[in-house]
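What follows is a set of notes on a single structure, which appears directly below.
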There are 2 protein chains.
Amino acid sequence: MTTKVLIIGAGAIGGFYGALLAKAGAEVAVVCHSDYDHVKQQGFIIESYIFGTWTFTPSHVLKSAADYQDTADYVLLCTKVIPSIDRVALIRPAVTANTAIVFIQNGVEIEQEIVDAFPDNEIISGLAYICSHKTKQSKILHQAYGRLTLGALPSYVSHKTARLCKLFEQAGIECNATENIVTERWTKCVWNAPFNPLSVLSGGLSTLDILKFQEPFVRCIMQEICLIAEAVGHRLPDTIIDVNIAITYGMLPYKTSMLLDYENGRLMETEVILGNALSAGKRAGLNIPYLESIYALMKLRELKLCV
Amino acid sequence: MTTKVLIIGAGAIGGFYGALLAKAGAEVAVVCHSDYDHVKQQGFIIESYIFGTWTFTPSHVLKSAADYQDTADYVLLCTKVIPSIDRVALIRPAVTANTAIVFIQNGVEIEQEIVDAFPDNEIISGLAYICSHKTKQSKILHQAYGRLTLGALPSYVSHKTARLCKLFEQAGIECNATENIVTERWTKCVWNAPFNPLSVLSGGLSTLDILKFQEPFVRCIMQEICLIAEAVGHRLPDTIIDVNIAITYGMLPYKTSMLLDYENGRLMETEVILGNALSAGKRAGLNIPYLESIYALMKLRELKLCV
């Protein structure tokens, strides 16, 4: 039986992973906003460093989840997580009793809102380790990496999780199922919390330059994320900071997603990457001045963005 | 007897205060770099919100202190304090046995270098509370404030300090003599340490916007400066933070000197305002993560400036 997927937020992440699911044989519909007309006419053009260039033609191109006439096995939410986007309202019209809700999004402590709104649905939390962006309307450039990690909430690997992983693997991309997806979110935050804000606050430095010149500061921020993660029940391995530092030295120097957003005048995921971590730390009574500092500065930066 | 003054670093600070000393009857020579030709031909044009517009014609316009043929009562050093400027070398050729060396400059712990180089000279440390900038070559706009504080090192009011204060007062600008000029430097740093860096790191916000949106963060930085000042023997009043906050709310929202430098692609006084404070704090074994954070970010910013 063909797997039916509805992608909501078909940007550089949603469009790319949707295209892979279609490649693996799923029937993939998309909800688009800004590039609806383009996508409707010509689909997505995906230019991938792994898979080459191909056109992804969705089964349906919709303006809203309410226009979806089918029953989705998976609703994949792939928008940025920013205060102006109501995640629950975006997906609700397409969620039926048998729909698994999947969100492939950044940030920590972003689960509860979805869990509360859909208490009877299976919910799969996902993380994408990818460097991709839209070069123009309906054209997606996949530059590096691409691995996914998926896990059902609160913490297990469901049948539907395994099935979705298999589809991604069939399409040729690494996809790991995990029983500890919430821990994985904190793990990813160890990297995101320093490099995303510092790339913006430095005025556009690459991850490599940030690390080369301010490694001790990067480590201080990572250490605070580890403290918070432990305080909320997700103790990370002792080696995690050293590993992250080593990996980043080995990475291509690249622009973080926050920097790309900033440079394009788009809202950044400051709240879900820094704000939520900071709140969790404060709730736990922790002293986390490095995070406080970069969060305060990012809030000032955002202000300038809006002026 | 006419007081003879040589101004070294005749920018928006040196040119303005030199002009006032000339107004009070002193014989004021200047060492200029970038605008030597302009100043030589037409002097400085000062446009002051207090005194109106007038032309200041120096007694001599020189390219170097070595060209000064007279014996100065005061050598006034008014450059920025940045690693690329050798303060001692700049003034040495003009310093005689009876010369009082005056530096009107920003930063903390900037005394020792001068004291060590000229152990037999009287040295007067000065702070300018002023908003002024060069609008074009040899033209100085004095927009707000203007008060000076002067004190002889290590900590007394010398006869020459009092005489210099009197000249400034005669010219119509407030000038206070203090027995605790080093403490005054730390006092000024309480304001400079947050507002200068934050104006740059925020992407150009005014002092008022910084304060309106991130007052707790500003207070954290000020608190660390107070801790350091106390550790190095300059305990500041308990009310100093509240007073600084209140004063800043009352100020015109203005661009800090660091922001002006940054926007014009010039080197900033990061080291003498933040770096020296941080070093003093580290020497004293203090935990000062907020300063560490903004210093690390400023170093990254400077990097981008040089690219």
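Model, not experiment: these values are computed from the prediction.
- The two atoms that bring B:L297 and A:L297 nearest to each other are CD1-CD1, 3.3 Å, heavy atoms only.
- Among residues 212-224 of chain A, the residues having any heavy atom closer than 4.5 Å to a heavy atom of chain B are, in sequence order, A:F213, A:Q214, A:F217.
- Using a 4.5 Å cut-off between non-hydrogen atoms, the part of residues 270-292 of chain B that approaches chain A consists of B:P289, B:Y290, B:E292.
- Of all the listed residues (B:L201, B:L198, B:I294), the one sharing the greatest number of non-hydrogen pairs under 4.5 Å with chain A is B:L201.
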